[in-house]
Every structure is written in structure tokens, then in C-alpha cells.
Amino acid sequence: MHEYTSTARVWGLTCPGFPEEVSRARRWIRDILRDSPLAEDAALIVSELSANAILHTASGQESGSFHLALAVSSQVVALSVTDNGGAGAPKVEHQDQEAEQGRGLAMVDAIAHRLVVHDSADGRTITAELYAGAHSGGHPC
């Protein structure tokens, strides 16, 4: 294969910032990845990132939205959620067992092999990568 070509496939979906859109995002990921062993991990990650966009950013406000992007190759599944921005940067926090919230991004970080947060003037994109043939956290099978 030529170094400038790729067999990756890319999909995108923009959702209004309503709570019911989290289940739509999850179904969308599962439909695309239906034959992949990474489908359930990807669905869990997109659920958490979509819910965070709605709950913690301007995406959940009136006329807010969030955008999903999914890139799939034979080696990696990369899914991104871009929100409308807001106060404070997301951070991985390890909460105690009694905490009622604040564990989501830590869970995503534990499942994904790589997690990247990119801030811009228009919002924030969180990308989680899952590698084929590896367990959560980047450990080979």
C-alpha cells in the first residue's frame, strides 16, 4: 500500500444537545461497529462522552449540539465527541466509591488505549482510541 493511502473509513453525526441523543449516539456506534469486538467498549465510551457534552458544556443548552466522528481501520477505532465548549477543562478524576458523579472520564480513560483532549475556540474534542488485538489500557492480548 502506498504511504499516502488509507483503508480507514470515517463517519460523522451531529446531534442536538438533548439527553435522549445519548442513546441515539450509542445505537449509531453499535450499528457501524456491529461486527467488531470493540463495539461495546466504543458504545460505552460514546455514551459517557456524549452525556458529558450535554451535562457539562454549552452543548446541553438551548440550540446546543455535539458532533460525533468515528474512524475505523484494521488496527484502530477512533471516536471523537466535539462539544460547544464551556467553563473548565475535563480531567480524569479518581473518585471514591461513594461519589455519585465524576467517574466517567476515568472510566473512559481505563477502557481506551489512548485518550486525547483538544480545546479550541469553538469547543472541545475528546478522542478515544481502541486498538484491535489489545485489552483495555493498551495491554496486548
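Nothing here was measured: the structure is a model prediction, and the numbers come from that model.
- The closest side-chain heavy-atom distance from L68 to L79 is not below 4.5 Å.
- Note that the CD1 atom of I29 and the CG atom of L70 stand 4.5 Å from one another [nearest 0.5 Å].
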- Task: Given side chain to side chain contact (heavy atoms under 4.5 Å, CB included), test N84 with Q61 step by step and report yes or no.
- Result: CA-CA 9 Å; N84 294 140; Q61 296 175 359; over 6 Å; no
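- Under the side chain to side chain donor-acceptor pair (under 3.5 Å) criterion, S36 pairs with no residue at all, not counting sequence neighbours.
- Looking at every heavy atom in both residues, H113 comes nearest to Y131 through ND1-N, 2.7 Å.
- There is a path of hydrophobic side-chain contacts, each under 4.5 Å, that joins V46 to V117.
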* Walk me through it: do W11 and V72 pass the test side chain to side chain contact (heavy atoms under 4.5 Å, CB included)? => CA-CA 9 Å; W11 293 264; V72 179; 3.6 Å; yes
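- For S50, there are no side chain to side chain donor-acceptor pair (under 3.5 Å) partners at least two apart in sequence or on another chain.
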Practice problem: Quick one: do L130 and I111 satisfy side chain to side chain contact (heavy atoms under 4.5 Å, CB included)? Show the steps, please. | Solution: CA-CA 8 Å; L130 298 167; I111 295 169; 4.2 Å; yes
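- Between D83 and A53 the shortest heavy-atom distance is CB-CB, 3.8 Å.
- Taking every heavy atom of both residues into account, G86 and R124 meet most closely at O-NH2, 3.6 Å.
- Side-chain contact check for L49 versus L105: some heavy-atom pair is nearer than 4.5 Å.
- A donor-acceptor pair under 3.5 Å is formed between the side chain of S59 and the backbone N or O of S65.
- Across all non-hydrogen atoms, the minimal contact from S47 to V22 is O-CG1, 3.6 Å.
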### Message
Walk me through whether F66 and T57 qualify under side chain to side chain contact (heavy atoms under 4.5 Å, CB included).
### Response
CA-CA 10 Å; F66 60 97; T57 76; over 6 Å; no
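- Annotation: side chain of M107 is in contact with side chain of L44 (closest heavy-atom distance under 4.5 Å).
- Put simply, the side chain of E48 does not reach to within 4.5 Å of the side chain of I45, judged on heavy atoms.
- Under a 3.5 Å cut-off, the side chain of H118 and the backbone N or O of I126 do not form any donor-acceptor pair.
- Counting all heavy atoms, side chain and backbone alike, A78 lies closest to T127 at CB-CG2, 4.4 Å.
- Closest of all the heavy-atom pairs between V76 and E129 is CG2-CB, 4.0 Å.
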